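A quick write-up on the structure given underneath.
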Amino acid sequence: MTHTPSLRTRFAPSPSGHLHVGGARTALFNWAYAHGRGGKFILRIEDTDQKRSSDAASVGFLKDLKWLGIDWNEGPEFEGCGGGDFGSYFQSERLDIYNKFLEQLVQQGKAYYAFDTTAELDVARKESKSRNEAYRYDRSRADAISPEQVQAWLKEGKPAVIRFKTPAGAITIHDEILGDATLPAGEVDDFVIRKADGFPTYHFAVVVDDELMGVTTVLRAQEHFNNTAKHIVLQDALGFRRPTYGHLPLIFNPDGSKMSKRDKDKLLRKTAQDKKLTAPPANTVDATRFSAWLGDKNSQLDFAEATAMATALNIELPEINVDDFRRSGYLPQVMCNFLALNGWGPGNDLEKFDNAFLCANFALDRVQKTAAKFDRVKLLAFNLDAIQKLSREAFSGLVKAHGEIYHPEFMKKITAAQFDLLVAASHERSKTLDELFRGNRWLALGDEELTWEKSKQVEKALLAGTPSGLDRLKELRGVLEAVETWTPAGIEESIRQWATTAGLAEQIGQIAQPLRVGVTGSTVSPPIFDTLAILGKSSSLRRIDRCLQDFATAKT
RNA sequence: GGCCUCAUCGUCUAGCCUGGCUUAGGACACCACCCUUUCAAGGUGGCUACAGGGGUUCAAAUCCCCUUGGGGUCACCA
């Protein structure tokens, strides 16, 4: 392991929305790279877009990072992380610093004021587009204005941006992952470095902060590749050092589209349109909100709204954000492992590893150059494997914590003993922590609330054949009533005994299914003896009675 | 469209830099069978890829060129 005490990496998200998997992987790699080399990992909040920033979101980010096990040496202070001598780590609190450097550039003639309106620029852009050319800002627009005029306009408060006077010449980017790339002269135009609202643009703030915070290595997504050229010319103009760059491959959806925070809304909107909905489904959002959302491809519902809408439309929302995966019951170490595997591998057939291994082995020369499609099915397989490897106690603890956060009603309805039995019956078969709750709703239902699924499978289990499932149930009720030790083993013993006398020893399915449907209302549940044991004797009997009652008239 | 960039099974990838050890390895998925009390889980076996075309070389997945295809970017968003 290389030990570079001065090595400093950073993760610099804009606090809009939650941390999504792409961002999480960027953070993970930066973190692992620094940690594996005795360096420092810095977290910086890029909140220079006044329209988008929100404090709640930046806290969401911090929580997500913490959950993944990614801590930061410097940055916003949160649960024992953060602090540091190079603050503030919020860009919105560093305006004075940026302005100092901005002024310096203007005075040196390396940057200039421009007064073009949005409308004017739009025209120029459209023109470029119509000629099938890339749009580049035309410096002569600004040159045409005399220095006196500039001063006069500034004095009267005419809105102005500051643009960087990009030097002529090709720009070569050194990238530790992709190698060198050279952008021909003219590819980078005079980009804006301070917006009319007085805030620096991303490009300017990044360059200043990376220098002042001593960042030595920048690992970020490939979509930033072209931006790096801008950052390099700025660094040169300001006399800054140039960090080492590595551009990470993007993460895509299985269909090849870019994984985006908006994917959930995209799916919901499409479903709503396919169903030709003109009004919002009940219990979702109001009509005004609905039509505004439906009409604007870029608008997003908040989490509660989106969840309600998905329920109403009867669809599953894709997990995009780290928080979505947490909610779905994935283990943080599995998320990190799988995220790392999308874009990096240790170089042999090893795929399962923890963060300590990642820190010790992560290096830029093994980072993939091509985008990866995020395969949730494989992630699920990894999660199952990790769950199976957990001790019963550890699994139980995680399930409990998960349930208390995401299924408090469920947890309140069941006893500690029931919980333990459920955990035991589910451990080997749970792909996620959440599955245990989603798949066992029958347990949290009161005996009088239970309803029986109207499905072919249910009918078959109860009504088909002679004797039918219902006939069996009648007999089984008596058998169960006589069971003295109400445990999976005790129940099994009694039932098997009865089955043998009834000549059904080899056809236990003819017994299990009617029972299962009788007490759970559906054809799917944990193994039947576990199911009965978890439910308890009186509930089981009561439910069988209700089932017999309900279907007594339905029998054909 | 300009510029930049990438290219191994359906997917994530090993091998490529330092050409022969590769009838291209692993994992997930898929298929078949087994187990089985539903759904899973588990077991065994199987299918599947070097984008195409030219070079260079005794020898190319590995080096070079072209084509094709993919991606990124072209904001007073980051």
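Just so you know, these numbers use all the heavy atoms, side chains as well, and skip hydrogens, waters and symmetry mates. Since this is a predicted model, take the numbers as computed values, not measurements.
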- [ ] Name the nucleic acid region contacted by A/Arg194, choosing base, sugar-phosphate or nothing; use a 4.0 angstrom heavy-atom cut-off, strictly under.
- [x] nothing
Task: Within residues 513-532 of chain A, residues whose heavy atoms come under 4.0 Å of RNA chain B - done: A/Gln513, A/Arg516, A/Thr523, A/Val524, A/Ser525, A/Pro526, A/Pro527, A/Ile528, A/Phe529
- [ ] Please list all pairs passing the salt bridge (charged side-chain N to carboxylate O under 4.0 Å, His left out) test where one or both residues lie in residues 218-228 of chain A, with sequence neighbours left out.
- [x] A/Glu223-A/Lys258
Side-chain polar contacts of residues 505-519 of chain A - donor-acceptor pairs under 3.5 angstrom, sequence neighbours left out - could you list them?
residue: A/Gln510; atom: OE1; partner: A/Arg472; partner atom: NH2; Å: 3.4
residue: A/Gln513; atom: OE1; partner: A/Arg516; partner atom: NH1; Å: 2.6
residue: A/Arg516; atom: NE; partner: A/Ser525; partner atom: OG; Å: 2.9
residue: A/Arg516; atom: NH2; partner: A/Pro526; partner atom: O; Å: 3.1

Open item on the list: Only pairs with both distances under 3.5 Å count, Watson-Crick or wobble alike; so what is the partner of B/rC16 in this structure?
Closed with: none
Open item on the list: Any base atoms under 4.0 Å from A/Lys352, or only sugar-phosphate, or nothing? Heavy atoms, all strands.
Closed with: nothing
Task: B/rU18 and B/rG2, which share atom name C1', separated by this distance in whole Å - done: 37 Å
- [ ] Looking at every strand, decide which applies to A/Gln388 at a 4.0 Å heavy-atom threshold: base, sugar-phosphate, or nothing.
- [x] sugar-phosphate
- [ ] Please identify each residue that fulfils salt bridge (charged side-chain N to carboxylate O under 4.0 Å, His left out) with A/Lys352, with sequence neighbours left out.
- [x] A/Asp385
Task: Mate of B/rA75 where both pairing distances stay under 3.5 Å, Watson-Crick or G-U - done: none
Task: Toward the 5' end of RNA chain B, by each residue's nearest nucleotide, A/Pro184 or A/Thr118 - done: A/Pro184
Task: Nearest-Å distance once atom P is located in both B/rG46 and B/rA40 - done: 24 Å
Open item on the list: Here's a test of your reading of the structure: between A/Leu178 and A/Glu492, which maps to the more 5' nucleotide of RNA chain B?
Closed with: A/Leu178
Open item on the list: In whole Å, measure the gap between the P atoms of B/rU73 and B/rC66 for me.
Closed with: 25 Å
Open item on the list: Under the rule for side-chain contact (heavy atoms from CB on, under 4.5 Å), what residues qualify as partners of A/Ala185, not counting sequence neighbours?
Closed with: none
Task: Short N-O contact, A/Asp189 and A/Arg163, less than 4.0 angstrom - done: no
Open item on the list: Categorize A/Val161 for me: base, sugar-phosphate, or nothing, with a 4.0 angstrom heavy-atom threshold over every strand shown.
Closed with: base
Task: Contacting residues from residues 198-213 of chain A, given that a heavy atom lies under 4.0 angstrom of RNA chain B - done: A/Tyr202, A/His203
Task: Rounded C1' spacing from B/rA24 to B/rA49 in Å - done: 9 Å
Task: Integer angstrom distance from the P of B/rA32 to that of B/rA41 - done: 15 Å
- [ ] Under 4.0 Å between any heavy atoms, over every strand shown, what does A/Glu428 touch: base, sugar-phosphate, or nothing? Just pick one.
- [x] sugar-phosphate
Open item on the list: Counting the atoms with a prime plus P, OP1 and OP2 as sugar-phosphate, which does A/Ser430 contact under 4.0 Å by heavy atoms, base, sugar-phosphate, or nothing?
Closed with: nothing
TODO: Please find the earliest and latest nucleotides of RNA chain B, in the 5' to 3' direction, that have an atom within less than 4.0 Å of any heavy atom of chain A.
DONE: B/rG1 to B/rA78
Open item on the list: Students often get this wrong, so: under 4.0 angstrom with heavy atoms, is A/Asp197 touching a base, only sugar-phosphate, or nothing?
Closed with: nothing
Open item on the list: Does A/Arg366 reach a base, just sugar-phosphate, or nothing at all? Heavy atoms under 4.0 Å.
Closed with: sugar-phosphate
- [ ] May I ask which nucleotide in the shown strands pairs with B/rC63, Watson-Crick or G-U wobble, both distances under 3.5 Å?
- [x] B/rG55
Open item on the list: Just to be sure I understand the rule, does A/Leu250 reach a base, reach only the sugar-phosphate, or reach nothing, if contact means heavy atoms closer than 4.0 Å?
Closed with: sugar-phosphate
Open item on the list: Does A/Lys129 reach a base, just sugar-phosphate, or nothing at all? Heavy atoms under 4.0 Å.
Closed with: nothing
Task: Identified side-chain hydrogen bond (donor to acceptor under 3.5 Å, both in side chains) counterpart of A/Arg10 within the set A/Asn30, A/Asp209, A/Asp210, A/Thr217 - done: A/Asp210
TODO: Determine the Euclidean distance between corresponding C1' atoms of B/rG71 and B/rC35; express it in Å to zero decimal places.
DONE: 46 Å
Open item on the list: For A/Asp64, give me all partners under salt bridge (charged side-chain N to carboxylate O under 4.0 Å, His left out), at least two apart in sequence or on another chain.
Closed with: none
Task: Distance in Å, A/Arg94 CZ paired with A/Ile45 CD1, rounded so as to fall on 0.5 Å steps - done: 12.5 Å
TODO: Specify whether A/Phe204 and A/Tyr98 have parallel, tilted or perpendicular ring planes, treating 30° as the upper limit for parallel and 60° as the lower limit for perpendicular.
DONE: perpendicular
Open item on the list: Using a heavy-atom cut-off of 4.0 Å across all strands, would you classify A/Leu341 as base, sugar-phosphate, or nothing?
Closed with: sugar-phosphate
TODO: Taking salt bridge (charged side-chain N to carboxylate O under 4.0 Å, His left out) as the test, write out the residues that go with A/Arg139, two or more places apart.
DONE: A/Asp190
Which atom pairs, one a donor and one an acceptor, fall under 3.5 Å between side chains of residues 338-348 of chain A and the rest of the protein, sequence neighbours left out?
residue: A/Asn342; atom: ND2; partner: A/Phe338; partner atom: O; Å: 3.0
residue: A/Asn348; atom: OD1; partner: A/Leu350; partner atom: N; Å: 2.9

Task: Same-atom distance (C1') from B/rC63 to B/rC50, integer angstrom - done: 15 Å
- [ ] Can you tell me the pairing partner of B/rC28 across any strand shown, Watson-Crick or G-U wobble, with both distances under 3.5 angstrom?
- [x] B/rG10
TODO: Determine the Euclidean distance between corresponding C1' atoms of B/rA75 and B/rC16; express it in Å to zero decimal places.
DONE: 39 Å
Open item on the list: Categorize A/Gly345 for me: base, sugar-phosphate, or nothing, with a 4.0 angstrom heavy-atom threshold over every strand shown.
Closed with: nothing
Open item on the list: Using a heavy-atom cut-off of 4.0 Å across all strands, would you classify A/Gln368 as base, sugar-phosphate, or nothing?
Closed with: sugar-phosphate
- [ ] List in chain and number order the residues that pass side-chain contact (heavy atoms from CB on, under 4.5 Å) with A/Glu459, two or more places apart in sequence or in another chain; answer none if no residue qualifies.
- [x] A/Leu463
- [ ] Look at all strands and tell whether A/Asp116 reaches a base, only sugar-phosphate, or nothing, counting heavy atoms closer than 4.0 Å.
- [x] base
Open item on the list: Using the salt bridge (charged side-chain N to carboxylate O under 4.0 Å, His left out) criterion, which residues pair with A/Arg136? Sequence neighbours excluded.
Closed with: A/Glu187
TODO: Check whether the ring centres of A/His231 and A/Tyr202 lie less than 6.0 Å apart, and answer yes or no.
DONE: yes
